[in-house]
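Below, chain A is the first sequence line, B the second, and so on; all start at residue 1.
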Amino acid sequence: MLFKKETCSRDRFYDKTGIAKHREWRGFLDTVYDYNQWLVNLGIMGMFMTKSPLRIMKGMLEYRWFGSYLGAFHWIDKCMEGLTGPALRVAHTQMHAIMKLSTEKLALMMKGDRRFGDTPDADKQVLFEQTMGPEILTGFENLDPMCMEAFQCLIGSYMDQQLPPVYIDTVEHYGLPADSCRLSATAVGVAIKDDFPLNGSCLIVNNMPCDSSTMNSQLIRRRYNIPEKVATLPMRWDDPNTDKYAGEQMKKIISFVSETTGEQYDYDLFLKTMEKHNEEVLLEREQWDNLATAYTPFGASICNLFHTSMYAFSGGTLPYVTNALRKSMKIAERCYKEKINCWPKARHRAIIWAGPGCYFFHFANWLYNCWGIHILAQMDNFEGNILIPTDNVEDAIIGVAKNYENGIMRRHLTGGYEHLFEFWGWAEKLNCDLVVMNEDITCKGALGLTGLVSESAKEHPSINMMVVQNDLFDHRTISRNDMRREVNQFMTAVMQEEPLDPSLLDFDDDMGW
Amino acid sequence: MKATKILAKAALLGVGAYLGMFLVYWFNIENKVIFYAVRPLLNKIYDSKDRDVKI
């Protein structure tokens, strides 16, 4: 079994838990490459532990969500399933950057956690709610922007599907209806359960991505005994008349942080960092051009996460993120030049749209391995990619606001229903023959439009569309296997195709991470 | 001569560690240990924690 090529993929896993008996054989070179990257990830973890060993250990024993990060290696394996050659190399390149930034931020979070004793590090951090990137805070040279909920909610649920239900049950125990947004419910659950680290000199809450987040902000802020500021960004961001208001909100954030921390805002530093932000955006746009070709190494699960991580944590501040983008593009250019087919099993080119089932983060890998569906991009890839003017401060500040208004889960789900329909344009531009439409059953914004989305499919006869339901964070309502079954039904009944690997059609991994 | 011997020993150790770690990687040992031993233990610790649960 040690070096035998797998013919039946599910044999490699223990039933129900989904833990692999052994790792994937990808051919000699790719397996050795994957092993070397595993060693690199181990090194990143080691570096992480040295940053504040005692506090990190305390955090591991204190916070349930932190314990879920022990599943990181398992999660990386899932996101790499079926990948070989340049596609594997691009995925690992981007994953290293993700690992680096997330461990850096986690270490900072633990270093600044007052729960483990007073520390000056706590006051150097400015907390802000997720879906707002760090851009506006980059003018404060001595402060660290710290995304508040991403680690406890989104990334936690990617690593461990068993995590969010603990927090969801807590908030539902207090009377929240079970059809509320799972993201907001989980964030509030973390707050009620007193599971947020107690760091930060001040807190910026916001109304992003939607009104559900406004609800959760009100409850979360009660848990923090630090000064707070509410930043509200216009929902109808398409209207240029709202730009001035959005810019004013940004300025209020700057003066609030400045007054609270006593730090001066360096506008030159801000503009310089926005130039780096623009560099990231331009490299991503190059990637979009490459996605349209038959030789792209981009796709499956990681590219989407790389973009959302870049949006949430970098904003031009992390040079290794830009380097990872450059390195990925270099691989992509070589593939295009040498006409390398990076996705040999692909039968369909597709994009995934709308709110995903976060507990089935590796859904795109499964689609590829079971049905030969190459997922080129997901909705989040096309959010938060605004070029920010850097010739004057006034325009740059409005540009930052615009970037947030076009940010993760915001661009396509608020600001007018027409933005949700942008997927047809992207599907055509990327030469897709299939759209996988997520139907997050608790997302009020997108759910109300599912009928109209289905109707619009009639106008695009050359592109097929399948709708797959999910419950965002709660695998108990719609499990991974329920999602697989929906795809299987569509692929057999509508597309009349046979699976590439029948062992992947129907299996139970409900007890696993 | 002595330096060569030390280098040879270090290289041998390096290769041994590289191959040894490959066994951990291939048999997914770290994930098995974490999933079946470490995490259940941690869950017990989390469940036993006194939290200030309030809205």
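If you take CH2 on A/Trp38 and CD on B/Glu30, they are separated by 5.0 Å, rounding to the nearest 0.5 Å. Here the NE2-CG distance, from A/His74 to B/Asn31, works out to 6.5 Å after rounding to the nearest 0.5 Å. Rounded to the nearest 0.5 angstrom, A/Asp194 CG and B/Lys49 NZ are separated by 11.0 Å. Between A/Asn36 atom CG and B/Phe22 atom CZ the span is 9.5 Å, to the nearest 0.5 Å. Atoms CG and NE2, on B/Leu23 and A/His22 in that order, are 13.5 Å from each other to the nearest 0.5 Å. Interatomic distance, OH of B/Tyr46 versus CD of A/Glu62, reported as 9.5 Å (0.5 Å rounding).
A 6.0 Å sphere centred on CE of A/Met49 holds more than 12 heavy atoms belonging to other residues, nucleotides or ligands.
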Exercise for the section: Assess whether side-chain contact (heavy atoms from CB on, under 4.5 Å) is satisfied between B/Asp52 and A/Arg223, documenting all intermediate values. Expected result: CA-CA 10 Å; B/Asp52 178 20; A/Arg223 276 291 176 178; 3.6 Å; yes
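Of the charged side-chain nitrogens involved, at least one lies within less than 4.0 Å of a carboxylate oxygen, so that A/Arg64 and B/Asp47 count as a salt-bridged pair.
With hydrogens and angles disregarded, no donor-acceptor distance shorter than 3.5 Å links the side chain of A/Lys193 to the backbone of B/Arg51. Counting only distance, with no hydrogens or angles, the side chain of B/Asn28 and the backbone of A/Lys21 share no donor-acceptor pair below 3.5 Å. A distance-only check finds a donor-acceptor pair linking the side chain of A/Tyr35 to the backbone of B/Tyr18 [under 3.5 Å].
Here the closest heavy-atom approach between residue A/Asp34 and residue B/Tyr25 is recorded as OD2-OH, 2.5 Å.
Of the N and O atoms on the side chains of A/Glu24 and B/Trp26, not one donor lies less than 3.5 Å from an acceptor on the other residue.
With a threshold of 4.5 angstrom between heavy atoms, A/Tyr63 approaches chain B through its backbone and through its side chain. Contacts of A/Leu219 with chain B are made by side-chain atoms alone, with heavy-atom separations under 4.5 Å and no backbone atom involved.
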Can you list, pair by pair, the side-chain donor-acceptor contacts under 3.5 Å of residues 33-43 of chain B, counting residues two or more places apart and other chains?
unit_1	atom_1	unit_2	atom_2	d
B/Tyr36	OH	A/Thr17	OG1	3.1
B/Arg39	NE	B/Asn43	OD1	3.1
B/Arg39	NH1	A/Gly67	O	3.3
B/Arg39	NH1	A/Ser68	OG	3.2
B/Arg39	NH1	A/Asp160	OD2	3.3
B/Arg39	NH2	B/Asn43	OD1	3.1

